[in-house]
Amino acid sequence: MEILQKVQEQILSYVKEIADDKSLELLGLLPNGKMLRSKLILKIAGANEESIKLCAVVEMIHAASLLHDDVIDDATTRRGKQTINALFDNKTSIMFGDILYSKAFTELTKMDKEVAYTISNAVTLLSVGELLDVELSKIFNTSYDKYLDMIYKKTASLIEASAKSAAILANKNRDNFALYGKNLGLAFQMVDDILDITEDSEKLGKPAMLDFVEGKVTIPYLFTYERSNEQDKTKLENFYKKELSNDETLWLKNQFSTTNAIQDSIALAQKFGSNAIEAIKDENNEDLVLIMKAMIERDF
Ligand code: FPP
Ligand code: MG
């Protein structure tokens with residue numbers, strides 16, 4: 001999308017305004033993402049100066065959150081590129097995250113008050129969600145409700161806020177678009193959690209099957225655990241946070257298969273996807289249906 005280039009240019013011009021060479025260098029080292037949030041904003045609000053600025057602000061916040069997340073997760077690769085914490089150190093990643101985040105907030109203060117409130121409130125949720133993720137990764141979590149609450153806050157909240165803010169700018173029904181964004185965001189994180197298991201590291205641009213090693217009991221693990229007998233439950237508990245041997249990985253994959261955990265996780269993501277489409281059925285926006293479908297069917 002040609003227009004996404006304009007968003008990139010807006011981000012570059014914001015970072016140039018900071019007048020710091022190191023920040024410009026670091027910006028150039030960030031991997032290009034899918035820009036899902038921008039795609040939604042542009043499809044809802046259309047492409048104009050105001051919506052492009054909102055996209056840039058949201059992408060900067062998202063990038064900041066990933067710079068912090070890569071430190072928290074000790075990640076060395078993202079989207080096939082070395083992370084800033086791997087190329088430099090944790091301090092650089094955290095501080096560049098803070099720079100992007102605060103510049104985004106400066107720009108947000110110049111925008112519509114309700115948009116500014118919606119986006120800034122989502123960042124609080126985002127941070128609470130990341131903290132919940134950290135807490136839930138300490139001991140084997142078997143609660144679906146806790147998982148859902150965490151992924152809503154960690155991932156869906158900013159997508160929900162992006163769609164809602166775009167609707168505010170375009171004078172459209174903000175509740176419908178917010179609900180679309182929320183459900184799309186939940187489905188998005190579930191697909192992410194499924195791909196961690198089903199795809200190889202080359203496709204993912206980061207190590208595969210890392211979630212469970214990191215202590216994250218994602219939706220496929222929740223399903224497989226819930227449906228396992230006592231003996232297999234114990235085995236799963238023993239595999240938790242462990243680097244697995246090839247045989248152990250094979251056993252785990254077989255366990256996913258016999259418990260239908262992957263298929264049912266996909267079905268659940270699809271259900272949230274359908275909820276997203278249902279929320280905007282009166283809005284006449286076929287492109288948003290296509291974005292949702294492409295998001296579910298993606299393989300990285
Ligand atoms: C990736 O999750 C992380 C997020 C979606 C949110 C991270 C949020 C914060 C660090 C708090 C907000 C901070 C600022 C500065 C705005 P993941 O680890 O499950 O996914 P991954 O595999 O892509 O790393
Ligand atoms: Mg991470």
Side-chain angles (χ1 to χ4, degrees), residues 23 26 30-37 56-86 90-108 118-137 141 146-162 181-182 184-199 201 203-221 269 295 298 300:
S23 296
L26 293 170
L30 291 183
N32 293 322
K34 296 182 279 287
M35 300 182 83
L36 172 70
R37 294 153 191 81
V57 160
V58 169
E59 293 298 339
M60 284 162 75
I61 291 169
H62 178 55
S65 79
L66 296 181
L67 284 161
H68 286 189
D69 180 69
D70 284 338
V71 171
I72 292 167
D73 286 346
D74 264 319
T76 54
T77 49
R78 177 175 289 281
R79 296 169 190 147
K81 274 185 147 187
Q82 273 196 291
T83 55
I84 299 294
N85 48 309
N90 285 349
K91 294 177 186 180
T92 307
S93 193
I94 291 170
M95 290 320 301
F96 184 47
D98 286 346
I99 289 168
L100 287 181
Y101 166 73
S102 29
K103 177 62 178 165
F105 267 61
T106 304
E107 296 310 317
L108 205 53
T118 302
I119 298 290
S120 58
N121 188 52
V123 181
T124 308
L125 286 179
L126 201 69
S127 307
V128 171
E130 183 81 349
L131 188 60
L132 278 172
D133 197 14
V134 169
E135 289 302 313
L136 287 179
S137 303
N141 171 53
K146 284 185 186 167
Y147 166 78
L148 199 67
D149 179 50
M150 182 275 287
I151 67 168
Y152 164 61
K153 288 172 180 150
K154 180 180 79 165
T155 304
S157 62
L158 188 58
I159 300 176
E160 173 184 43
S162 302
K182 178 180 179 173
L184 179 94
L186 291 169
F188 178 86
Q189 187 59 48
M190 285 185 185
V191 171
D192 226 52
D193 294 345
I194 295 161
L195 294 177
D196 173 84
I197 297 161
T198 58
E199 297 298 317
S201 56
K203 205 53 170 279
L204 292 173
K206 61 182 180 185
M209 286 196 91
L210 194 63
D211 284 345
F212 204 51
V213 182
E214 286 183 334
K216 299 180 183 185
V217 185
T218 58
I219 190 66
Y221 290 95
M295 192 283 297
R298 76 199 158 101
F300 65 96

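Note that ligands are numbered from 1 as they come in the structure, with each ligand's atoms numbered from 1 the same way. Computed from a prediction, not measured in an experiment: that's the story for all the values here. Throughout, numbering of the chain's residues begins at 1 and tracks the sequence.
From the protein, the heavy atom lying nearest to atom 19 (O) of ligand 1 is Lys154 NZ, 2.6 Å. Of all protein heavy atoms, the one closest to atom 7 (C) of ligand 1 is Glu130 OE1, 3.2 Å. The single protein non-hydrogen atom nearest to atom 10 (C) of ligand 1 is Ser65 O, 3.4 Å, given as residue, atom name and distance. Protein heavy atom nearest atom 23 (O) of ligand 1, with residue, atom name and distance: Arg78 NH1, 2.8 Å. Of all protein heavy atoms, the one closest to atom 18 (O) of ligand 1 is Asp73 OD2, 2.8 Å. Here the heavy atom of the protein found nearest to atom 1 (C) of ligand 1 is Asp69 OD2, 3.4 Å. Protein heavy atom in closest approach to atom 12 (C) of ligand 1: Ser127 OG, 3.5 Å.
Around the Mg ion (ligand 2), the two atoms OD2 of Asp69 and OD2 of Asp73 are separated by an angle of 100°, to 10 degrees.
No part of Leu67 comes within 4.0 Å of ligand 1, judged by heavy-atom distances. In Asp196, neither the side chain nor the backbone holds a heavy atom less than 4.0 Å from any atom of ligand 1.
With ligand atoms numbered from 1 in the order given, ligand 1 contributes 21 (P), 22 (O), 23 (O) to contacts under 4.0 Å with heavy atoms of Lys206. Short contacts between ligand 1 and Thr155, defined as distances under 4.0 Å to a heavy atom of the residue, involve ligand atoms 5 (C). Under a 4.0 Å criterion applied to the non-hydrogen atoms of Val123, ligand 1 contributes the atoms 16 (C). Listed by number with element, the atoms of ligand 1 under 4.0 Å from a non-hydrogen atom of His68 are 10 (C), 15 (C). Interface atoms of ligand 1 facing Lys216, defined by a heavy-atom separation under 4.0 Å, are 17 (P), 18 (O), 19 (O).
In summary, Asp69 and Arg78 engage in a salt bridge, as defined by a charged side-chain N under 4.0 Å from a carboxylate O. In this structure, Lys154 does not pair ionically with Asp149, as no charged nitrogen and carboxylate oxygen lie closer than 4.0 Å.
Contact check for His68 versus Asn90: no side-chain heavy atoms found under the 4.5 Å cut-off. Using a 4.5 Å heavy-atom threshold, the side chains of Tyr152 and Lys182 count as touching.
Residue Asn141 holds its CG atom at 8.0 Å from CE of Met150, rounded to the nearest 0.5 Å.
The shortest heavy-atom distance from His62 to ligand 1 is not under 4.0 Å. At a 4.0 Å cut-off, not a single heavy atom of Ala75 sits close enough to ligand 1 to count as contact.
Across all their heavy atoms, Leu184 and Met295 have their closest contact at O-CE, 3.8 Å. Nearest approach of Phe188 to Arg298, heavy atoms of both residues: O-NH2, 2.9 Å.
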message = Under the criterion side chain to side chain contact (heavy atoms under 4.5 Å, CB included), I'd like the reasoning laid out for Thr218 against Tyr147: C-alpha separation, chi angles, the key distance, then a yes or no.
response = CA-CA 7 Å; Thr218 58; Tyr147 166 78; 4.2 Å; yes
inquiry  = For a side chain to side chain contact (heavy atoms under 4.5 Å, CB included) check, start with the C-alpha distance between Ile84 and Asp70, then their side-chain angles and the critical distance, and finish with the verdict.
reply    = CA-CA 8 Å; Ile84 299 294; Asp70 284 338; over 6 Å; no
task = Quick one: do Leu67 and Val71 satisfy side chain to side chain contact (heavy atoms under 4.5 Å, CB included)? Show the steps, please.
result = CA-CA 7 Å; Leu67 284 161; Val71 171; over 6 Å; no
task = Decide side chain to side chain contact (heavy atoms under 4.5 Å, CB included) for Tyr221 and Ile197; before the verdict, give the C-alpha distance in whole Å, the side-chain angles of both, and the deciding distance to 0.1 Å.
result = CA-CA 10 Å; Tyr221 290 95; Ile197 297 161; 3.5 Å; yes
